[in-house]
Amino acid sequence: MILTDEQQAILNGEKGETLAKVMETVVRYGELFGAQKLVPVTSKYNHLVTSFGLKMIGPVYDLMNELIEAGAVSKQQFSLDPRPVDKNVPANFLQNLIFNKIMYAKQDFYEGQLKQLGLMNEDAFTCACYMDEVGNKPQKGEVLSWAESSAVVYANSVLGARCNRNSGIIDIMGSVVGYVPYFGLLTDEGRKATWTVEIKTTKKPEAQLLGSAIGMKVMEAVPYVKGLDKWLGNELDDAACTYLKDFGAATASNGAVGLYHIDGLTPEAKELGEALIAENANVYVIDDAELQRVYDSYPVIWKNPNAKPKLCFMGCPHMTLEQLKTWTDRVESALAAKGNQKVAIPTVFTTAPAVIKEFNKTPYAERLKKTGVIVSYICPLMYMNNPLCGKMPVITSSNKLRTYTTARYYTDDEILDQITGGKK
Ligand code: F3S
């Protein structure tokens, strides 16, 4: 890798031993991917994936301490992924014990470190940091040092920013030293699509199911999706962005997509069109039958496949304000149609703390509360990733949660039907 004089000076320790180690980490990481230079991180804020004070990640706390003590703190403030625990989310005595005393016992300590390292504010814990209420929304062309896969794919695809799918900790390293290696999705070449996906469904595809199908097919490649603008329109309005948030998270977790282009809709596709498609790109056609095939292929890993669900999680990635409002209407209407007052399965909608504040200012908050649905800021994945919760029959419309846990995926309509009492 060829470094500038300034970068070389940092590597040589002229700005301290700690910053030299950070630079060495970033350089070595870049060399692994064949990067030949570093480029400046240009976004206003960073976003970190490591939001949880997990007891067993002692080396992370040591590392953070070393950064703090050496004053090797980023010029960027940052948001980060959701907090792992919320007392409003149903949990029994044993689960609470495991969460608070064993798994996430270091949460308060770690949040103290995060404040010293540049946490944006108390509400900045969400994977959907680009939502207006949160305020970490990069501009087109800005270079980022993020790692959260659902946020990276959104920033690249919907906002037109440039970021690789970094791993946790590398995200903070790039931000602290102010540079990231130039390779992959940072380059024009790396942003070209090697897959064309043709949507030929007879109705608007379920975002999380379509994302899953594409992710599993193209894996880490960049897909150029044609025919989706028929269903989403040609403007990135609130509805389209929300759809792409959920779609993207599924592509990134069911595969390893870091960038997609939607013909006639996302910024680079609007600007460059099919010039973004690489020569000899593969083709994947998605019709109703293909979506059904993908849906049917999901394994059910509950001990008893016929168990009654004990919990439902919606909002992975975190829900937008509009989603919360729409779902309030939907839950209310479905309950009324069945003559029911409250949801039949304990149900948690997850969203950003800043969105909860805004939601609570609207009449929808009281209405949703009356249905029995709980609104929380947690990450459902962190709730479920332990042997006790892993045994619970949990349902979700998140394909990311399905992939990483034992939760069972259903479409939005199926979830609505189940939580409001099933078929009458
Ligand atoms: Fe967000 Fe946690 Fe899902 S970080 S995307 S709510 S797994």
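Note: hydrogens, waters and symmetry copies are ignored here, and every other heavy atom, side chains too, is used. The first residue of the sequence shown is numbered 1, and numbering continues consecutively from there. First listed ligand is number 1; within each ligand, the first listed atom is number 1.
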Original post:
Does the pair K270/E235 count as a salt bridge with the N-to-O cut at 4.0 Å?
Top reply: yes

**OP:** Answer with yes or no after comparing the ring centroid distance for Y260 and F247 against a 6.0 Å cut-off, counting only values under it.
**Re:** yes

**OP:** Kindly say whether I374 contributes a backbone atom to a donor-acceptor pair with the side chain of K369 at under 3.5 angstrom?
**Re:** no

Just list the side-chain donor-acceptor pairs under 3.5 Å for residues 379-392, sequence neighbours left out, or say none.
unit_1	atom_1	unit_2	atom_2	d
Y383	OH	P90	O	2.6
N386	OD1	L388	N	3.1
N386	OD1	C389	N	2.9
N386	ND2	Y383	O	2.9

Original post:
Exactly which residues line ligand 1, taking a heavy atom under 4.0 Å from it as the test?
Top reply: D81, P82, C127, E148, S150, C316, P317, C379, P380, L381, K400

Original post:
Do F78 and Y45 pass the ring pair (Phe, Tyr, Trp, His ring centres under 6.0 Å) test, and can you show the C-alpha distance, the side-chain angles, and the key distance before you say yes or no?
Top reply: CA-CA 5 Å; F78 54 83; Y45 297 113; 9.8 Å; no

Subject >> CA sep, side-chain torsions, deciding dist, call: F125, Y377, ring pair (Phe, Tyr, Trp, His ring centres under 6.0 Å) >> reply: CA-CA 8 Å; F125 286 85; Y377 51 74; 8.5 Å; no

